[in-house]
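Here the structure comes first, spelled out in structure tokens, and everything after it is commentary.
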Protein chains: 2
Amino acid sequence: MRGNLFAVAVDLVVLTVRHDQLNVLLVRRAERPYESHWALPGGFVRPDEDLGDTAARELVEQTGAATQGAVQGHLEQLGGYAAPGRDPRGRVLSMGYLALLPDVPDPEPTGATAAFLPVEDVYGLAFDHDTILANGVERARAKLEYTTLAATFCPPEFTVTDLRRVYEAVWRTEIDPRNFQRKVTSTPGFLIPTATRVTGGRGRPPQLFRRGPATALHPPMLREPVAVAHA
Amino acid sequence: MRGNLFAVAVDLVVLTVRHDQLNVLLVRRAERPYESHWALPGGFVRPDEDLGDTAARELVEQTGAATQGAVQGHLEQLGGYAAPGRDPRGRVLSMGYLALLPDVPDPEPTGATAAFLPVEDVYGLAFDHDTILANGVERARAKLEYTTLAATFCPPEFTVTDLRRVYEAVWRTEIDPRNFQRKVTSTPGFLIPTATRVTGGRGRPPQLFRRGPATALHPPMLREPVAVAHA
DNA sequence: CCGCCTTCTCGTCGGCGTGAGGCTATCGGG
DNA sequence: CCCGATAGCCTCACGCCGACGAGAAGGCGG
């Protein structure tokens, strides 16, 4: 064993889609360093915890009532960040974790100290959190291609259009609704139709679906379409 | 900052293909715990090092003369492992790294303390290295699908058949040589033909290629073919 | 009540990549 | 000298995908 020891933290990239935009959960730091800067939510690993335990605990703590979301959400490890000097307090290794949640109805988690912000507007985070966030977003974008994780951004019951808007928000592209419908409805185990339909909106009432048991997408959903200037 | 500190190590999953089999570099432990057990090569992160620095340094140290391989090889982070109790000496977080190298000509790196062994025959490694190895192998298999990394297993100049045998060894499948040839030669930037051909073998002398600048494979190479009982 | 608009859903067509397989080129060896 | 083996090219059929047309089914304003 060696004498050079690390403090080990877990930092969360909590993503959700609200108002057709990919948002990330940030907290405003109350202490130094980086006081009053935005940062990814996170905390230190406790003696009896594995890394995933810490991530799950932090997710529940930081998203508060969104515990339900944690149940139907997704949590995976991103990677380790341990550059010397990344934390002025000393040697800190941070494990990035990626969490995908359905949009919480409307109220901000806990007022001004935490908020979901559009990832497009986010920069200048504390520590190396810009890098961790970028890696998390890229991971999420890649995973939508070959998994059914897009549905984790949706409420328990959703329409094909809801799902398409998730892809469009995360990838910042436009997808043909007709081809998208054919793709997702023809993939076995992706979407399970429910008996109900949506009423009250404009146009023909859409079918409601639930998540199916499928997790992989063969063949994958391709995203070469031109990135549209979403501004 | 907290009082519960971790020792941080980097463990390497060094893969190569020799004799049409996927092999992994292992070292025999000389100290307790797990004395005389096989383990992944690795070491602790030094005060001035980032994780990738440690991985690169260990790779050069452990593969010895294969420094050349490190240049043309591939090194990427796999993930962090920090379950309580994974190391009886105390709290140790290990970052797994995946390295892909061309086959070193023939001599074993350093005699009996280190050796390349077929991954199929490997189990019962020290610590949780079985898990890290499994994750590394799965990552390598997945990456061959949508990147040109298979060529990192090959010497600087190689034939299409050499490349195909890499895929077959890593995936443990059989691939149609003609369709494979069409696929890899029609992907822009994957293979660059050289002026020379191979002589002395049986059959028509094959064309020699070098790696091209392409890193991604669009569309990806699919591996649904039946896994063949390679035993 | 009747168009008209919006959105959902299904169909059609052509292009492309892939699996399957035929055929030729070019070597070593019996 | 023929034969087997390997390399490399070509063709064909099928399925998936992008582009697009058209019908289905609701709301809304005149």
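Reminder, nothing fancy here: chain letters follow the sequence lines and each chain counts from 1. No hydrogens, no waters, no symmetry mates; every other heavy atom, side chains included, goes into these values. All values derive from a computational prediction rather than experimental measurement.
- We find that CZ of B/Phe180 is positioned 19 Å from P of D/dC10, with the value rounded to whole Å.
- Distances shown here put a side-chain N or O of B/Thr161 below 4.0 Å from the OP1 or OP2 atom of D/dA7.
- When the C1' atom of C/dT7 is taken as reference, atom CG of A/Asp162 falls 13 Å away, rounded to whole Å.
- Side-chain polar atoms of B/Arg210 and B/Thr194 form no donor-acceptor pair below 3.5 angstrom.
- Counting to the nearest Å, the C1' atom of C/dT7 and the CZ atom of A/Phe158 are 18 Å from each other.
- Taking atom CD on B/Glu168 and atom C1' on D/dT6, their separation rounds to 14 Å, with Å as the unit.
- Per the geometry, CG belonging to B/Leu222 stands 18 Å off P belonging to C/dC16, to the nearest Å.
- For B/His218 and C/dT18, the NE2 to P distance is 13 Å, given to the nearest whole Å.
- For A/Leu191 and C/dC8, the CG to C1' distance is 15 Å, given to the nearest whole Å.
- When the C1' atom of C/dC8 is taken as reference, atom CZ of A/Phe209 falls 10 Å away, rounded to whole Å.
- No side-chain donor-acceptor contact under 3.5 Å links B/Thr161 and B/Thr159.
- When atom types are taken as modelled, the side chain of B/Asp20 and the backbone of B/Ala169 share no donor-acceptor pair closer than 3.5 angstrom.
- The ring pair (Phe, Tyr, Trp, His ring centres under 6.0 Å) check on B/Phe127 picks up B/Tyr34, B/His129, with sequence neighbours excluded.
- Side chains of A/Asp11 and A/Tyr81: a donor-acceptor N/O pair is absent below 3.5 angstrom, by distance only.
- Across all non-hydrogen atoms, the minimal contact from B/Leu133 to B/Leu40 is N-CD1, 4.3 Å.
- Within the 4.0 Å cut-off from OP1 or OP2 of C/dT18, at least one side-chain nitrogen or oxygen of B/Lys183 is found.
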Footprint string (nucleotides 19-30 of chain D, 5' to 3'): B base within contact, S backbone only, - free, heavy atoms under 4.0 Å:
BBBBBBBSS---
